[in-house]
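Numbers here simply count residues along the sequence, with the first being 1.
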Amino acid sequence: MSGTKIISAAAVGLGTLLYASTSHAAPDDRDLILVPMEGGYMHNFGAYRGRPNQSLGTLGSGFGYMWDRVGFMAIARVGMGPGGTRLGWGGGRGYYSLLGNDLFELGPDLSITAGGGKVDGKRGGLIAAAEPGISARAYSEMAGMFELKANWYQPLSNDQSWGSGAMLSLSWHPIYTIW
């Protein structure tokens, strides 16, 4: 399945969930539990280990907590691309809101992930990376929170089966206040 088809399927799924949602954005001074549903795209720049540029469609989810402009989240992601490439990651993510108001936030984002899978139909071995970037979050009264993230995928070792690259993803978080 191509990355474009995966992203399209994720967008349709997110749109469907939006119309079915009854969740609300949190009022001021409330902590939030976040459970994102995410679709994205990842592109490897330049030839890596003799392979030309590669790209993946990604789907992910997680569980997190946000309070007073700071958030932490446990994440899981799968990536599928051409030639039998199937990867999976798990890890953690932290973010901070530098700018924002009741409806919009913008700030730095950092994920640390590890996983494995197959690249070009062959076992890929361990993949571990730091993913620094920036995220923008928009709050909706009736539909929760939307988030657009742009990250750089930087492997933590040189012997991985997937190289450095850019990541772009769109998430939808149904938001629940907890106190």
Side-chain angles (χ1 to χ4, degrees), residues 1-11 13-14 34-66 69-99 105-138 145-173:
M1 181 178 266
S2 73
T4 305
K5 289 179 186 174
I6 292 170
I7 292 170
S8 298
L14 288 173
L34 306 175
V35 184
M37 289 166 262
E38 178 178 291
Y41 177 77
M42 185 173 177
H43 187 79
N44 214 9
F45 285 107
Y48 183 73
R49 294 195 165 202
R51 295 183 191 103
N53 292 347
Q54 297 181 41
S55 56
L56 295 174
T58 64
L59 293 173
S61 190
F63 183 81
Y65 184 71
M66 186 172 179
R69 302 167 54 119
V70 177
F72 295 98
M73 185 172 300
I75 57 173
R77 180 187 318 123
V78 295
M80 293 174 267
T85 299
R86 306 286 184 264
L87 300 173
W89 298 264
R93 173 179 176 226
Y95 46 93
Y96 179 74
S97 174
L98 283 175
L99 304 170
E105 293 178 343
L106 177 71
D109 182 286
L110 175 64
S111 297
I112 302 293
T113 59
K118 293 183 176 186
V119 176
D120 294 334
K122 299 176 188 158
R123 188 160 190 226
L126 176 67
I127 53 175
E131 302 168 12
I134 190 163
S135 64
R137 293 173 288 284
M145 179 174 75
F146 296 91
E147 184 172 29
L148 180 64
K149 296 187 308 181
N151 294 72
W152 180 256
Y153 183 83
Q154 182 60 50
L156 297 176
S157 71
N158 291 331
D159 60 348
Q160 294 189 151
S161 56
W162 193 261
S164 300
M167 302 172 71
L168 185 63
S169 60
L170 176 64
S171 302
W172 174 60
H173 300 252

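None of Tyr65, Tyr95, Tyr96 except one satisfies the side-chain contact (heavy atoms from CB on, under 4.5 Å) rule with Val70; the exception is Tyr96.
When every heavy atom of Gly79 is checked against every heavy atom of Thr58, the shortest pair comes out as CA-CG2, 4.1 Å. When every heavy atom of Gly62 is checked against every heavy atom of Pro36, the shortest pair comes out as O-CD, 3.5 Å. The minimum heavy-atom distance linking Gly163 with Pro155 is given by the pair C-CG, 3.7 Å. Listed here is the closest heavy atom pair of Leu56 and Leu87: CD1-CD1, 3.8 Å.
The CD atom of Gln54 sits 9.0 Å away from the NE2 atom of His43 when rounded to the nearest 0.5 Å. If you take OG on Ser169 and CZ on Arg77, they are separated by 7.5 Å, rounding to the nearest 0.5 Å. Note that CE of Met37 and CH2 of Trp172 are 4.5 Å apart. Values are rounded to the nearest 0.5 Å. In this structure, Tyr41 OH and Ser55 OG are separated by 3.5 Å, a value rounded to the nearest 0.5 Å. Atoms CD1 and OG1, on Ile75 and Thr113 in that order, are 6.0 Å from each other to the nearest 0.5 Å. Distance CG/Leu156 to CD1/Ile127: 11.0 Å, rounded to 0.5 Å.
Contact of the Trp152 side chain with the Ser164 side chain is registered, since non-hydrogen atoms from C-beta on lie closer than 4.5 Å. Residues His173 and Met66 form no side-chain contact, since every pair of their non-hydrogen atoms from C-beta on lies 4.5 Å or further apart. When side chains are defined from C-beta on, Ser171 does not count as touching Arg137, because their heavy atoms never get closer than 4.5 Å. Here the side chains of Leu148 and Leu168 are in contact, with some heavy-atom distance below 4.5 Å. Proximity of Met167 to Lys149: side-chain heavy atoms (C-beta onward) are nowhere separated by under 4.5 Å. With a 4.5 Å cut-off on side-chain heavy atoms, Leu98 and Leu106 do not count as touching. Side-chain contact between Phe72 and Phe63 is absent, with no heavy-atom pair separated by less than 4.5 Å. Contact check for Glu105 versus Glu147: no side-chain heavy atoms found under the 4.5 Å cut-off.
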### Task
Step by step, work out the side-chain hydrogen bond (donor to acceptor under 3.5 Å, both in side chains) result for Glu38 and Ser61.
CA-CA 6 Å; Glu38 178 178 291; Ser61 190; over 6 Å; no
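A donor-acceptor pair under 3.5 Å is absent between the side-chain atoms of Asp109 and the main chain of Gly133, judged by distance alone. Judged by distance alone, with hydrogens and angles left aside, the side-chain atoms of Arg86 form a donor-acceptor pair with the main-chain N or O of Gly81 at under 3.5 Å.
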